[in-house]
Chemist: 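Take a look at this one; I'll ask things after.
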Amino acid sequence: MREFDYQRASDVPGAVALLGAEPEARYLGGGTNLVDLMKSGVERPALLVDVRELPLDRIEVTDAGGLHVGATVTNSDLAAHPEVRRRYPALTQAVLAGASGQLRNMATVGGNLLQRTRCAYFTDVSKPCNKRVPGSGCPAIAGEHHNHAILGASPHCVAVHPSDMGVALTAFDAVVHYVTAEGPHEVPLAEFYLPVGATPHRETALPAGALITGITLPPAPAAASCYRKVRERASYAFAIGSVAAALDVRDGTVRAARLAFGAVASRPWRAHAAERALIGGPATAEAFAAAADAELAAAEPLPGNAYKVTLIRNLVVAVLTELAAEGRRTEEATR
């Protein structure tokens, strides 16, 4: 590990100024991803700017009826918050599906959004990787790629984004707030992660030195929501496929739908084609499968991860069938 300096920021402008003065600085929140990458030599910061004690650790109801979540709120506190559990159950489920209790106690919301890929070629500095060293190649394409992308990938990178939280936030149309030396800014989460294209090392739309200060969730949809994750073992493991969904069904017809996939692309994947296919149609397993097929028609799996197409299709059907049944029970109870 490279030797580095350490400074604790006392306020947001001070944190931004510290990073602006040192191009090789990094913000330090919980450190659950950054420190691992420093140990392996992937990240080599000259300075760590500790932002954990900044006043960004609150969850508040917004004037519009949504929620604002500070960037240093821990994953554990986010999942346990009563308003999150009541309004956005899929978000609570997604957070609890990620990592272990100890890691959730340390990891922060801002850091979760910025975590790097867990591709073995990326984390091994003895191997080439376009995300780590632009232009060096992507050995995963011809090598080990069983948990890599089937949607939105490119010949330059097929890694997937590992966040569970980000999948649920994508389904709920979250907005990311950040600060630069010029002042505060915001960007929809749908635009926060950049398409992988020919520049996989450019992962987000954040300008250099920007500090995430929080996320805002719009008012919760009038629909049941759920997050379902498939992994290779029951204990702490990254997803091989996941779905965040919200479904509003009235009289057997889908009135509204939100759907996002995880572990299938370089960013949480909003399933717009599937949503369009669902709205106005019957709430049946056949219709749910057809909607999944509409989204997965764009899939370009590699030889070792073609199973993900079937996995996501079956997962969509299972989750939406469960939500439709929950909606019917709620509808019958209110008559």
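Heavy atoms only: backbone and side chains are in, while hydrogens, waters and symmetry mates are out. Residue numbers run from 1 in the order of the sequence given.
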Chemist: Give a yes or no answer on whether the side chain of Glu83 reaches the backbone of Glu60 with a donor-acceptor pair at less than 3.5 Å.
Modeler: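 It does not hold such a pair.
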Chemist: When rounded to the nearest 0.5 angstrom, what is the spacing between OH in Tyr121 and OG in Ser126?
Modeler: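 Going from the OH atom of Tyr121 to the OG atom of Ser126 covers 10.5 Å.
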Chemist: Apply the test side-chain contact (heavy atoms from CB on, under 4.5 Å) to residues Phe192 and Ile212: give CA-CA distance (whole Å), side-chain angles for both, the deciding distance (0.1 Å), then the verdict.
Modeler: CA-CA 11 Å; Phe192 180 75; Ile212 294 178; 3.9 Å; yes
Chemist: List the steps, then state whether side-chain contact (heavy atoms from CB on, under 4.5 Å) holds for Val73 with Arg58.
Modeler: CA-CA 6 Å; Val73 169; Arg58 300 187 64 183; 5.7 Å; no
Chemist: Rounded to the nearest 0.5 Å, how far does OG1 of Thr72 lie from CG of Asp57?
Modeler: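 Here the interatomic distance stands at 4.5 Å.
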Chemist: Any carboxylate oxygen within less than 4.0 angstrom of a Lys/Arg side-chain nitrogen, looking at Arg8 and Glu53?
Modeler: yes
Chemist: Looking at Glu24 and Arg44, is there a salt bridge between them, counting it only when a charged N and a carboxylate O are closer than 4.0 Å?
Modeler: no
Chemist: Starting from Leu18, can I reach Val12 by hopping between I/L/V/M/F/W/Y residues whose side chains sit under 4.5 Å apart?
Modeler: yes
Chemist: Checking Tyr88 against Ser225 for the side chain to side chain donor-acceptor pair (under 3.5 Å) test, could you report, in this order, the C-alpha distance in whole Å, the side-chain angles of both residues, the deciding distance, and whether it holds?
Modeler: CA-CA 7 Å; Tyr88 312 93; Ser225 72; over 6 Å; no
Chemist: Do His161 and Thr117 have side-chain N/O donor and acceptor atoms under 3.5 Å apart?
Modeler: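 Distance-only check fails for His161 and Thr117.
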Chemist: side-chain contact (heavy atoms from CB on, under 4.5 Å) between Leu113 and Val176: does it pass, once the steps are laid out?
Modeler: CA-CA 9 Å; Leu113 295 179; Val176 180; 4.1 Å; yes
Chemist: How are the rings of Tyr178 and His185 set to each other: parallel, tilted or perpendicular (split at 30° and 60°)?
Modeler: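 Correct class here is parallel.
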Chemist: State whether a side-chain donor-acceptor pair under 3.5 Å links Thr253 with Asp251.
Modeler: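 Checked: Thr253/Asp251 side chains show no N/O donor-acceptor pair below 3.5 Å.
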Chemist: Is there side-chain contact between Asn105 and Thr74, with heavy atoms separated by less than 4.5 Å?
Modeler: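 In short, these two side chains do not touch, never coming nearer than 4.5 Å.
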Chemist: Under 30°, 30 to 60°, or over 60°: which ring-plane class applies to His177 and His68, parallel, tilted or perpendicular?
Modeler: perpendicular
Chemist: Determine the minimum heavy-atom distance between Phe288 and Ala324, stating which atoms define it.
Modeler: CZ-CB, 4.1 Å
Chemist: Between Leu114 and Tyr27, is any pair of side-chain heavy atoms under 4.5 Å apart?
Modeler: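 Result no, sub-4.5 Å side-chain heavy-atom pair not found.
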Chemist: Using atom types as modelled and distance alone, determine if a side-chain donor or acceptor of His145 lies under 3.5 Å from a backbone N or O of Gly304.
Modeler: yes
Chemist: Taking the side chain as everything from C-beta on, heavy atoms only, tell me whether Gln7 gets closer than 4.5 Å to Asp50.
Modeler: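 Sidechains of Asp50 and Gln7: no contact.
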Chemist: So how far is it from Leu217 CG to Phe172 CZ, rounded to the nearest 0.5 Å?
Modeler: 7.5 Å
Chemist: Does the pair Arg329/Glu326 count as a salt bridge with the N-to-O cut at 4.0 Å?
Modeler: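 No, no charged N to carboxylate O under 4.0 Å.
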Chemist: Ignoring hydrogens and angles, tell me if any N or O in the side chain of Tyr227 forms a donor-acceptor pair with the backbone of Leu96 under 3.5 Å.
Modeler: no
Chemist: Give a yes or no on whether the backbone of Lys127 and the side-chain of Arg132 come within a donor-acceptor separation of less than 3.5 Å.
Modeler: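 Checking the backbone N and O of Lys127 against the side chain of Arg132, a donor-acceptor pair under 3.5 Å is found.
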Chemist: Answer with yes or no whether the side chains of His201 and Glu203 bring together a donor and an acceptor at under 3.5 Å.
Modeler: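 Glu203 vs His201: no donor-acceptor pair found between side chains.
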Chemist: Please examine the side chains of Asn75 and Thr108, heavy atoms only from C-beta on, and report whether any two atoms are closer than 4.5 Å.
Modeler: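 Side-chain contact under 4.5 Å: no.
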Chemist: Within the distance-only criterion (no hydrogens, no angle test), does the side chain of Lys131 pair as donor or acceptor with the backbone N or O of Cys119 below 3.5 angstrom?
Modeler: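 No.
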Chemist: Determine whether Glu43 and Arg2 satisfy the following criterion, salt bridge (charged side-chain N to carboxylate O under 4.0 Å, His left out), listing intermediate values before the conclusion.
Modeler: CA-CA 9 Å; Glu43 291 278 5; Arg2 177 187 183 184; over 6 Å; no
Chemist: Would you find a donor on one side and an acceptor on the other, under 3.5 Å apart, between the side chain of Thr199 and the backbone of Arg202?
Modeler: no
Chemist: Taking all heavy atoms of Asn130 and all of His156, pick out the closest pair and write down the distance.
Modeler: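 Nearest pair, atom of Asn130 first, then His156: ND2-O, 2.8 Å.
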Chemist: Do Pro188 and Glu191 come close enough that some side-chain heavy atom pair is under 4.5 Å?
Modeler: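 Pro188 vs Glu191: side chains touch.
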Chemist: List the atom of Gly70, the atom of Val109, and the distance in Å for their closest heavy-atom pair.
Modeler: O-CB, 4.0 Å
Chemist: Can you name the closest pair of heavy atoms from Pro218 and Asp173 and give their distance?
Modeler: CD-O, 3.4 Å
Chemist: Which distance, rounded to the nearest 0.5 Å, do you find between the CG of Leu320 and the CG of Leu315?
Modeler: 9.5 Å
Chemist: Given 3.5 Å as the limit, does a donor-acceptor pair link the side chain of Arg258 with the main chain of Arg270, or not?
Modeler: no
Chemist: How far apart are the closest heavy atoms of Ala210 and Leu206, and which atoms are they?
Modeler: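 Reported closest heavy-atom pair: CB-CD2, 4.1 Å.
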Chemist: For a quick test of reading the model, state the closest non-hydrogen atom pair linking Arg104 to Ala99 and the distance between them.
Modeler: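 That closest heavy-atom pairing would be NH1-O, 3.4 Å.
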Chemist: Any side-chain heavy atom of Phe238 sitting closer than 4.5 Å to one from Val160?
Modeler: no
Chemist: To the nearest 0.5 angstrom, please state how far the CD atom of Gln115 sits from the OG1 atom of Thr32.
Modeler: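 Interatomic distance, Gln115 CD to Thr32 OG1, rounded to 0.5 Å: 7.0 Å.
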Chemist: Out of curiosity, does Met165 fall in the hydrophobic cluster containing Val243 (side-chain heavy atoms, cut-off under 4.5 Å, transitive links)?
Modeler: no
Chemist: Look at the side chain of Asn305 and the backbone N and O of Lys308, then say whether any donor-acceptor pair between them is shorter than 3.5 Å.
Modeler: no
Chemist: I'd like to know if Ile312 and Leu323 are part of one continuous hydrophobic network [Ile/Leu/Val/Met/Phe/Trp/Tyr, side-chain heavy atoms within less than 4.5 Å].
Modeler: yes
Chemist: Apply side-chain contact (heavy atoms from CB on, under 4.5 Å) to residues Ile240 and Arg231 and explain how you reach the verdict.
Modeler: CA-CA 5 Å; Ile240 57 174; Arg231 46 193 169 187; 5.6 Å; no
Chemist: How long is the span from the CD atom in Glu300 to the CG atom in Leu151, to the nearest 0.5 Å?
Modeler: 8.5 Å
Chemist: Under 3.5 Å, side chain of Asn33 to main-chain N/O of Arg116, donor-acceptor pair present?
Modeler: yes
Chemist: If you group Ile, Leu, Val, Met, Phe, Trp and Tyr by side-chain heavy-atom gaps below 4.5 Å, do Val187 and Leu189 land in one group?
Modeler: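 Val187 clusters together with Leu189.
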Chemist: In the single-linkage hydrophobic clustering (I, L, V, M, F, W, Y; side-chain heavy atoms under 4.5 Å), do Tyr307 and Val158 co-cluster?
Modeler: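 They do not share one cluster, since no chain of ILVMFWY contacts under 4.5 Å joins Tyr307 to Val158.
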Chemist: Would you say the side-chain atoms of Arg87 pair up with the backbone N or O of Ala220, donor to acceptor, closer than 3.5 Å?
Modeler: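 Answer holds: no.
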Chemist: Would you call Leu103 and Tyr236 a side-chain contact if the rule is heavy atoms closer than 4.5 Å?
Modeler: yes
Chemist: Testing Leu169, Val95, Thr170, Asn112 for side-chain contact (heavy atoms from CB on, under 4.5 Å) with Ser163, which one passes?
Modeler: Asn112
Chemist: Is any side-chain heavy atom of Thr216 closer than 4.5 Å to one of Glu186?
Modeler: no
